[in-house]
Amino acid sequence: MLNRILHREECNSVKTSTLEDWVESFGASLSESYESKAEDILESYGIDKQSGIIAEGVSLPLSVLNPKLPAVIGEKQARHLITEYNRGRNRMEKLKYDDSTSGIEDGTQKCCYISVDDIGVRFQKPERKGKYKKNRSFVENTVIHVQAEDRQYTLTAIGMAKAFKRLVAFLIENKLMEDHRLVFFSDGANCIRDYIGKYFGFRQHTVILDWLHLEKKCNEFLSMGIKGAKDEKQQIKKDLFSILWMGRYENAVKYLESLKNSHIKNPKKIEELKGYIQRKSPNMTCYALRHELGLRISSNRVEKANDLVVATRQKHNGMSWSRKGSGALAIITAAIINGEMEGWITERKISYRMAS
């Protein structure tokens with residue numbers, strides 16, 4: 001198409017390899033600019049620019065290190081909301097008050113919502129030697145979506161450490177850690193949880209397990225672990241999801257333990273499901289109450305960002321990518337989404353600022 005527009009004949013046509021090289025070069029230059037911008041921000045506050053980890057003695061404002069967090073709904077409002085929610089519902093579907101419900105943010109104050117996900121695309125070997133073996137290696141792109149009020153921004157990098165370093169710099173630059181409540185969403189992957197703790201363990205933050213991933217994972221275990229008529233299996237799933245929707249993970253484990261032997265096909269899978277719920281329980285919340293308050297319960301923002309930045313272009317069947325090519329295309333797409341491309345092309349500068 002490009003050659004047709006440019007009226008290029010075969011002898012002087014633009015080759016696919018030429019475009020690939022140009023995109024890789026352009027993306028690498030853009031990535032270096034993001035990295036340089038992040039390191040300049042970190043260095044200005046005395047933060048190690050190589051790691052981005054905030055250690056003791058850095059010159060950050062107290063509003064970052066010891067923030068005055070915005071209001072939560074509190075016990076009175078929580079009890080009122082629970083009473084209203086419970087009207088007309090049966091015993092299994094009723095919410096119960098506990099201290100965690102009163103600690104939910106009210107959604108009107110300074111909150112920064114951060115969704116993190118990793119997406120792998122098939123790695124392209126430089127060349128094939130000898131008998132071909134199926135390639136199961138992947139290039140891992142980390143995508144982070146940041147939302148504050150009606151503004152948003154998408155960060156991406158090859159490797160989670162680099163992505164989190166850029167995230168720290170971005171939050172500092174946009175003053176999103178100053179007296180802001182940080183709420184992270186993830187699919188529950190241990191590596192994401194560990195990185196959140198590593199980079200933000202110095203201050204209060206909340207990590208919430210994405211409801212859709214919780215539901216999907218439980219559904220997978222139940223599909224392999226229970227038996228019976230279709231309506232019986234559906235009722236078991238419905239009952240378990242109803243308990244988890246209210247954030248009552250201990251009751252969910254008890255419910256699984258109470259299942260009749262006639263309903264259990266694979267006891268091992270039921271035990272694995274109990275273990276999964278117990279491991280992920282620190283990041284579960286009262287999804288029902290958050291939903292009633294109009295607050296987020298899902299990391300779907302980063303799932304959409306993943307589609308736009310990586311998956312739509314790079315996840316087609318049969319495609320494989322080099323680290324350089326995959327990362328270059330991802331960061332170019334992210335820059336376009338963030339509205340950074342015009343400034344980069346005309347002035348070779350990126351604003352690193354939230355887009356409305």
Side-chain angles (χ1 to χ4, degrees), residues 24-67 112 114-120 123 137-146 153-178 180 182 184 186 189-205 207 302 305 309-310 321-332 334-335 338 340 343-344 348-354:
E24 287 187 2
S25 176
F26 188 89
S29 179
L30 183 58
S31 182
E32 287 173 8
S33 183
Y34 272 102
E35 191 73 1
S36 177
K37 180 79 172 180
E39 290 182 353
D40 287 346
I41 294 167
L42 295 171
E43 197 170 28
S44 68
Y45 285 94
I47 303 169
D48 178 19
K49 69 177 184 178
Q50 299 303 320
S51 69
I53 296 174
I54 296 174
E56 291 184 13
V58 298
S59 57
L60 286 168
L62 283 176
S63 56
V64 173
L65 299 173
N66 189 23
C112 180
I114 304 164
S115 305
V116 185
D117 198 12
D118 234 12
I119 181 168
F123 177 66
S137 299
F138 292 89
V139 179
E140 297 291 341
N141 285 274
T142 299
V143 179
I144 302 177
H145 181 274
V146 183
Y153 201 90
T154 300
L155 295 161
T156 185
I158 298 292
M160 202 165 285
K162 184 174 287 188
F164 267 84
K165 181 174 83 170
R166 293 179 184 180
L167 173 63
V168 171
F170 180 81
L171 295 178
I172 292 172
E173 177 72 1
N174 288 268
K175 302 187 184 304
L176 291 175
M177 280 200 284
E178 294 187 16
H180 272 69
L182 300 183
F184 290 87
S186 83
N190 290 336
C191 61
I192 295 176
R193 180 201 62 201
D194 292 344
Y195 268 96
I196 293 172
K198 182 178 180 180
Y199 280 83
F200 296 93
F202 71 93
R203 55 158 288 161
Q204 189 278 343
H205 63 274
V207 182
V302 78
V309 173
V310 181
W321 299 81
S322 66
R323 286 175 58 86
K324 189 175 179 181
S326 177
L329 198 55
I331 203 161
I332 289 171
N338 293 329
E340 297 272 28
W344 171 250
R348 279 296 188 267
K349 291 182 180 179
I350 54 173
S351 67
Y352 226 43
R353 293 286 182 177
M354 300 280 280

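Just so you know, residue 1 is the first one in the sequence shown, and it goes up from there.
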Handout entry: Expected output: side-chain T156 to main-chain A330 donor-acceptor under 3.5 Å
Key = no

Problem - R203 side chain vs M177 backbone, donor-acceptor pair below 3.5 Å - result: yes

Handout entry: Chi angles and distances behind the side chain to side chain contact (heavy atoms under 4.5 Å, CB included) call for I172, V64
Key = CA-CA 8 Å; I172 292 172; V64 173; 5.6 Å; no

Problem - Atom of G46, atom of S59 and distance for their closest heavy-atom approach - result: N-OG, 4.3 Å

Exercise for the section: Give a yes or no answer on whether the side chain of N141 reaches the backbone of A157 with a donor-acceptor pair at less than 3.5 Å. Expected result: no

Handout entry: Test item: W344 and Y34 side chains (from C-beta on) under 4.5 Å apart, heavy atoms
Key = no

Problem - Side-chain heavy-atom pair C112, V146 within 4.5 angstrom cut-off - result: yes

Problem - pair I53-I47: side-chain heavy atoms closer than 4.5 Å - result: no

Exercise for the section: Please answer whether the main-chain N or O of Y352 pairs with a side-chain N or O of N338 as donor and acceptor at a distance below 3.5 Å. Expected result: no

Problem - Heavy-atom closest pair, residues L42 and D48 - result: CD1-O, 4.3 Å

Handout entry: For the student: nearest non-hydrogen atoms of M354 and N174, plus distance
Key = N-OD1, 3.2 Å

Handout entry: Student check: side-chain heavy atoms of V143 and T154 closer than 4.5 Å
Key = yes

Completion exercise
Here the salt bridge (charged side-chain N to carboxylate O under 4.0 Å, His left out) pairs for residues 25-41, sequence neighbours left out, are E35-K165, E35-R166, E39-K165

Exercise for the section: Without swapping roles, check the side chain of S44 against the backbone of I41 for a donor-acceptor pair under 3.5 Å. Expected result: yes

Handout entry: Whether N66 side chain and L62 backbone form a donor-acceptor pair below 3.5 Å
Key = no

Problem - SB check E173 R353 (cutoff 4.0 Å) - result: yes

Handout entry: Smallest separation among heavy atoms of A328 and A28, with atom names
Key = CB-N, 4.4 Å

Practice task
Grab the two heavy atoms, one from Y45 and one from P61, that are nearest each other, plus how far apart they are.
Solution key: CE2-CD, 4.3 Å

Practice task
Using a 4.5 Å cut-off on heavy atoms from C-beta on, say whether the side chain of I114 contacts that of I196.
Solution key: no

Handout entry: Flag side-chain contact, heavy atom, 4.5 Å: V58 against L65
Key = yes

Practice task
Look at the aromatic rings of F200 and F184 and report parallel, tilted or perpendicular, splitting at 30° and 60°.
Solution key: tilted

Exercise for the section: Give the minimum heavy-atom separation between S186 and I192, together with the two atoms involved. Expected result: CB-CG2, 3.7 Å

Problem - Validation row: V168, I54 side chains within 4.5 angstrom (heavy atoms) - result: yes

Handout entry: E178 side, atom CD; S63 side, atom OG - distance, nearest 0.5 Å
Key = 4.0 Å

